[in-house]
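First listed ligand is number 1; within each ligand, the first listed atom is number 1.
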Amino acid sequence: MRVNYFCTNANNYDMQKVIITGGTGYIGSHTVVEFQNAGFEVVTIDNLSNSIIEVLDGIKKITGKRPIFYQTDVSEQKNLETVFQEHSSAVAVIHFAAYKAVGESVKEPLKYYHNNIQGLVNILSNMLKYDIPNLVFSSSCTVYGQPEKLPVTEETPVVKPESPYGNTKKINEEIIVDTINSSDNLNAISLRYFNPIGAHTSAHIGELPLGVPDNLLPYITQTAIGLRQELSVFGDDYNTPDGTAIRDYINVCDLAKAHVFAVKRLLNKTSRYETFNIGTGKGSSVMEIIKAFEISTGQKLNYKIVNRRAGDIEQVWADTSKANKVLGWKAEVSLNETVKSAWEWQKRVQES
Ligand code: NAD
């Protein structure tokens, strides 16, 4: 179904077009901004199962332009095909649309296998049918599990992930490789994200968890603003310097920019399929994130230490040298600035 958010611009004739699925979601919306800023015309597809239409207003405030939008489910081939038919001149698809709650995926695995896998199969079928040659896929560091050696490189073995959600990422990467091997004209890059946090510095877009947040930073900002009573820190007895778990927290705008670098590399036709780690190359503990939040915002956070959470790994961070050298991309925004951007966004959400 086409929603009436089409913005035509007579000067856009020579623009290269990209299709972004999940484009009103957290990472997708920041990526729409980066592609529009880089001069691409953007077609977004989202079924709004985990985002709201008003995100398009935020994108327009930042870029001056509302992307073309379809409220369409990527797991339903019939409606999806109409979008590909209309936009077969697109040079690439950036595929974010998926469910992402690890805990929910354990309880409802089929919901995840259906949405995340059928969605990709439909996207690939349409790309082959309408001859759109380049795909950037949202993968995750969950494909590495708890690696024996840190930091994690792209050569680190992919293991059976802990959750059905993580497994959909592993299976999707395999589906992409098999499809590329069977075709002459399909190329792809899988970006394996570490932990995206923060918001656009304008505070017009950011992470908008519907319900109780699954991730650390939205929980921190919601606690600080009074929506949650207390943050639970899951475990302080890990084998890490302060005992709390370590992750590689990557600024969402830095992450979004990596997709533009990936599409530009695909357009140069240098390789059929590649994977890249997208992180900062530095691990931060939960306590370090709490301290960074308190220092950069001046807010005191109410938190307590509780038992470890089942399924959480101890520590993981990325070796990003392949993305730095081959893609020419590098994380730039500091942890303090990123945490502050999440707080500014939380305050904006509270006001509205
Ligand atoms: P998000 O939930 O904010 O965005 C996903 C968007 O896809 C939402 O707007 C949702 O409405 C939409 N969507 C879901 N199923 C759909 C369907 N069948 N058809 C159309 N739209 C659909 O999530 P996000 O954090 O922006 O994540 C984007 C992608 O990055 C996902 O594939 C996720 O698995 C992956 N990823 C996220 C993280 C993270 O921590 N946020 C880490 C690694 C990988």
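- Interface of Ser139 with ligand 1, defined as ligand atoms under 4.0 Å from a residue heavy atom, comprises 43 (C), 44 (C).
- The distance from ligand 1 to the heavy atoms of Thr72 drops below 4.0 Å at these ligand atoms: 19 (N), 20 (C).
- Contact annotation: Asn195 has no heavy atom less than 4.0 Å from any atom of ligand 1.
- Between His87 and Tyr70, the two ring planes are perpendicular [angle over 60°; tilted spans 30° to 60°].
- Remark: Lys322 NZ is packed, more than 12 non-hydrogen atoms of other residues, nucleotides or ligands lying under 6.0 Å away.
- The closest approach between Gly119 and ligand 1 stays at or above 4.0 Å for every heavy atom of the residue.
- Of all atoms in ligand 1, numbered sequentially from 1 with element shown, those under 4.0 Å from a heavy atom of Ser138 are 29 (C), 30 (O), 32 (O), 35 (C).
- For ligand 1, the atoms sitting less than 4.0 Å from at least one non-hydrogen atom of Leu48 are 11 (O), numbered in the order shown with element in parentheses.
- Applying the 4.0 Å criterion to heavy atoms of Gly22 picks out, from ligand 1, the atoms 6 (C), 7 (O).
- We find that Glu337 and Lys340 are not joined by a salt bridge, their nearest charged nitrogen and carboxylate oxygen being 4.0 Å or further apart.
- The distance from atom CG of Asn277 to atom OG1 of Thr156, rounded to the nearest 0.5 Å, is 7.5 Å.
- Set against the non-hydrogen atoms of Tyr193, the atoms of ligand 1 under 4.0 Å away are 30 (O), 35 (C), 36 (N), 43 (C), 44 (C).
- Because its NZ or CZ atom is both nearer than 6.0 Å to the ring centre of Tyr99 and within 45° of the ring axis, Lys111 counts as a cation-pi partner of that residue.
- Contact between Lys169 and ligand 1 is present, with at least one heavy atom of the residue lying under 4.0 Å from the ligand.
- Within the 4.0 Å heavy-atom cutoff, Gly23 does not count among the residues contacting ligand 1.
- Sorted by first and then second residue, the side-chain hydrogen bond (donor to acceptor under 3.5 Å, both in side chains) pairs with a member in residues 255-264 read Tyr193-His259; sequence neighbours excluded.
- Using a distance-only test at 3.5 Å, with no hydrogens or angles considered, no donor-acceptor pair links the side chain of Thr44 to the main chain of Gly23.
- Near Ala97, meaning under 4.0 Å from one of its heavy atoms, ligand 1 places the atoms 7 (O), 13 (N), 16 (C), 20 (C), 21 (N), 22 (C).
- Nearest protein heavy-atom contact of atom 19 (N) of ligand 1 is Val74 N, 2.9 Å.
- Residue-environment remark: OH (Tyr303) stays at or below the threshold of 12 foreign heavy atoms within 6.0 Å.
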Q: Decide yes or no on side chain to side chain contact (heavy atoms under 4.5 Å, CB included) for Asn37 and Thr63, but give the supporting numbers first.
A: CA-CA 7 Å; Asn37 285 345; Thr63 63; 3.7 Å; yes
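- Under the 4.0 angstrom criterion for non-hydrogen atoms, Asn116 is not in contact with ligand 1.
- By the 4.0 Å heavy-atom criterion, Asn115 is counted among the residues contacting ligand 1.
- Of all the atoms in ligand 1, the ones that sit under 4.0 Å from a non-hydrogen atom of Ser140 are 43 (C), 44 (C).
- Under the 6.0 Å cut-off for aromatic ring centres, Trp317 and Phe194 do not qualify, their centroids lying 6.0 Å or more apart.
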